[in-house]
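Counting starts at 1 for both ligands and their atoms, in listed order.
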Amino acid sequence: MSEARTSTRDVVFIALFAALTAALALFPPLQVPLLGVPVTAQSMGPMLAGAILGARRGALSMLLVVALVAIGLPILSGGRGGLGVFFGPTVGFLVGWLPAAYVTGLLHEKGWRSLSLVSSFAYCAIGGILVLYAVGIPLMILNTGLAPAKAFAATGVFVPGDLIKAAITAVVAVAVKRSYPLIDRPRARIG
Ligand SMILES: O=C(O)CCCC[C@@H]1SC[C@@H]2NC(=O)N[C@@H]21
């Protein structure tokens, strides 16, 4: 399981999954007018980071993404970035990528030995959808002034795509566990 120390190898993987999340922005976003929050491939980033790197490194990779957005890098879908994003309707989803990756990773760590497609899918759905929406929807309501019932109903548009992302992540996570497991691999000694 993950230790508290961060090795050079960890830093490489953290940067790699941050870069992967940024690369997912290349898929064109689908705007949802009422909400101002797009359907985007990028919400697969926290699922992948948590499921493959585990809780701590997964969350750190999302922290790196959020920090890069904050300093102005246009790494969000549609080429967005900068502090303005933190005052818009998507802020809760963006910062929610941290706890989403953390919880997805924690569940994968706890269920690591018996990990299957079904359990990995369930862990991704809990961390990458339930936890993410729990942070994202209230902040979206605050920033848009939408009536909560309307906002909850409208976010249903994200669910099919996010379930597909959870399924893809589960396939990848199980394949990576078989070929190059990162969650319980013993730490390489440096120096
Ligand atoms: O680009 C941003 O500022 C963040 C976008 C967040 C989009 C959220 S993540 C969960 C849900 N699923 C989607 O496809 N879109 C929303």
Inset, instruction - Ignoring hydrogens, just give me the one of Ala41, Pro38, Ser43, Pro46 whose non-hydrogen atom is nearest atom 16 (C) of ligand 1. - result: Pro38

Legend entry - Leu48 CG to Leu20 CG distance, which is reported to the nearest 0.5 Å: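 Leu48 atom CG to Leu20 atom CG measures 6.0 Å (nearest 0.5 Å).
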
Which atoms of ligand 1 sit under 4.0 Å from any heavy atom of [X]?
| X | result |
| --- | --- |
| Val37 | 7 (C), 8 (C), 16 (C) |
| Arg80 | 1 (O), 2 (C), 3 (O) |
| Leu132 | 9 (S), 10 (C) |

Inset, instruction - Provide the closest heavy-atom pair for Pro29 versus Ser77 in the form atom of the first, atom of the second, distance. - result: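 Reported closest heavy-atom pair: CB-OG, 3.6 Å.
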
Legend entry - Protein contact to atom 13 (C) of ligand 1 [nearest heavy atom, distance to 0.1 Å]: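 Residue, atom and distance for the closest contact: Phe158 CD2, 3.5 Å.
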
Inset, instruction - Do me a favour and list the nearest non-hydrogen protein atom to atom 6 (C) of ligand 1 with residue, atom name and distance? - result: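 Closest protein heavy atom to atom 6 (C) of ligand 1: Phe93 CB, 3.6 Å.
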
Using a 4.0 Å heavy-atom cut-off, say whether [X] meets ligand 1 through its side chain, its backbone, both or neither.
| X | answer |
| --- | --- |
| Thr40 | both |
| Val91 | neither |
| Thr155 | neither |
| Met140 | neither |

Inset, instruction - Name all residues meeting the side chain to side chain donor-acceptor pair (under 3.5 Å) criterion together with Asn143; count only those two or more places apart in sequence or in a different chain, and write none if there are none. - result: none

Inset, instruction - Give yes or no for whether the N/O distance cutoff of 3.5 Å, strictly under, is met between Thr90 and ligand 1. - result: yes

Inset, instruction - For ligand 1, find out whether one of its N or O atoms is nearer than 3.5 Å to an N or O atom of Asp162. - result: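 Yes: some nitrogen or oxygen of Asp162 is under 3.5 Å from one in ligand 1.
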
Legend entry - Given Val37, Val135, Leu139, Val85, the one that forms side-chain contact (heavy atoms from CB on, under 4.5 Å) with Leu94: Val85

Inset, instruction - Apply the side-chain contact (heavy atoms from CB on, under 4.5 Å) test between Leu76 and each candidate in Leu24, Thr21, Thr40, Val69; give the one that qualifies. - result: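 The single option meeting the side-chain contact (heavy atoms from CB on, under 4.5 Å) with Leu76 is Val69.
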
Legend entry - Criterion side-chain contact (heavy atoms from CB on, under 4.5 Å) on Thr104 and Ile126, from CA distance to verdict: CA-CA 7 Å; Thr104 303; Ile126 293 169; over 6 Å; no

Inset, instruction - Using the six-membered ring wherever Trp is involved, compare the ring planes of Phe13 and Tyr180 and label them parallel, tilted or perpendicular (cut-offs 30° and 60°). - result: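 Aromatic pair Phe13/Tyr180 classed tilted.
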
Inset, instruction - Just do the side-chain contact (heavy atoms from CB on, under 4.5 Å) check on Thr155 and Met140 with the steps written out, would you? - result: CA-CA 10 Å; Thr155 48; Met140 183 188 73; 3.7 Å; yes

